[in-house]
There are 2 protein chains.
Amino acid sequence: MTPQRMAIMKYLDGNTCHPSAADIYGALRERFPTMSLATVYNTLEALKEKGAVIELSIDRGKKRFDPNPEPHHHLMCIRCKAIVDVFVDFPLTLPDGQTQGFEIVGNRVDFYGICKSCSDEQKGTTERNQ
Amino acid sequence: MTPQRMAIMKYLDGNTCHPSAADIYGALRERFPTMSLATVYNTLEALKEKGAVIELSIDRGKKRFDPNPEPHHHLMCIRCKAIVDVFVDFPLTLPDGQTQGFEIVGNRVDFYGICKSCSDEQKGTTERNQ
DNA sequence: TACTAAGTAATAACCATTCTTGTCAAGTAT
DNA sequence: ATACTTGACAAGAATGGTTATTACTTAGTA
């Protein structure tokens, strides 16, 4: 267990911002100036295999990581890409006629919306423009 | 309306394979050797703005396009990335306490599984290995 | 010490996507 | 009808996120 790896794990522990690899890299490079982005990816991959983090694909073009192992869904702001957790359990089972021969192994529910601060910003802009 | 654009639209019409931009490009380049991948992207973007196609983010790292305007969900094979449509309506509303100030604008339900042909392949392999 | 294995950093490579720019066609004014 | 303007378009270049490769370092071990 190297200092870099420990720092990444500590940064993730309890983090609810669902950071990307670049976010983590950016947050830790000050304390670990020699750490490379590849190390972050490697560590995240290792943590993912251990089940310590979950890789989210809610944000196209960027992997986001979630250290919360409890099953839950996500809500993403379409403006600022902030992601928050949603702890509501939806009963989602497909009727046999709809599985089309697939063996279902999981599902995912994502909500999209506009977060408070983005919504406030827009209001401010609108007011200024009037 | 250029021939390329018409060909892309025709290829998509009635297509239930949820092709990626590269899929479309690969399918049409023989008939339109001078067409570029960027043209496919441009056309898909234009069609998306018109509401003629929907962009799926079920497949990380690749945009997939769906010409079916009817609201529905998707089921993807985690092996071969095949995507099929799921026409089941789930009532998904977040209780006020869970929206965290977000103005919800949409949601998405994706199912993941292993399709019949991938499942059969695996069985064959297992048998051979025994 | 020498050997091994794991971890790291740096860089290059890769792929999907987006940006930029030159070209062409249609419309408009002279 | 001709020159000018505008806008759409395709092609190639560029970008950004991610992965692969390589060599170096460190720790553990015989």
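Lettering of chains follows the sequences in order, A, B, ..., and the numbering in each one begins at 1.
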Taking atom [atom2] of [N] as reference, at what distance in whole Å does atom [atom1] of [X] sit?
| X | N | atom1 | atom2 | result |
| --- | --- | --- | --- | --- |
| A:Lys63 | D:dG16 | NZ | P | 19 Å |
| B:Met6 | D:dA8 | CE | C1' | 15 Å |
| A:Leu37 | C:dG7 | CG | P | 18 Å |
| A:Glu45 | D:dT19 | CD | C1' | 10 Å |
| A:Arg64 | D:dT18 | CZ | P | 11 Å |
| B:Arg29 | D:dA10 | CZ | P | 16 Å |
| B:Asp23 | C:dT17 | CG | C1' | 15 Å |
| B:Ile8 | D:dA10 | CD1 | C1' | 11 Å |

If you only use heavy atoms from C-beta on, which nucleotide in [options] is closest to the side chain of [X]?
| X | options | answer |
| --- | --- | --- |
| A:Ser36 | C:dT17, D:dC9, C:dA10 | C:dA10 |
| B:Tyr41 | D:dC9, C:dA16, C:dA9 | C:dA16 |
| B:Asn42 | C:dA9, D:dA10, D:dT18 | D:dA10 |
| B:Thr39 | C:dA9, D:dA10, C:dG7 | D:dA10 |
| A:Gln4 | C:dA9, C:dA16, D:dG17 | C:dA9 |

Is it the case that the side chains of [Y] and [X] hold a donor-acceptor pair, with the cut-off being a distance below 3.5 Å and no angle test?
| X | Y | value |
| --- | --- | --- |
| B:His74 | B:Asp110 | no |
| A:Ser117 | A:Asp120 | no |
| A:Asn42 | A:Thr39 | no |

For the student: nearest non-hydrogen atoms of B:Val88 and A:Gln98, plus distance
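Taking B:Val88 first and A:Gln98 second, the nearest heavy atoms are CG2-CG, 3.5 Å.
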On DNA chain D, does the nearest nucleotide to B:Ala38 precede the nearest nucleotide to A:Ser20 from the 5' side, or the other way round? Give the residue.
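Residue closer to the 5' terminus by nearest nucleotide: B:Ala38.
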Please compare B:Pro33 and B:Arg60 by the position of their nearest nucleotide in DNA chain D and report the one closer to 5'.
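Closer to the 5' end of DNA chain D: B:Pro33.
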Could you please spell out the steps behind the ring-ring contact (aromatic ring centres under 6.0 Å, His included) verdict for B:His73 and B:Phe87?
CA-CA 6 Å; B:His73 303 298; B:Phe87 295 98; 9.4 Å; no
Check this one for me: any side-chain N or O of A:Lys62 less than 4.0 Å away from OP1 or OP2 of D:dT18?
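For D:dT18, OP1/OP2 do not have a side-chain N/O of A:Lys62 under 4.0 Å.
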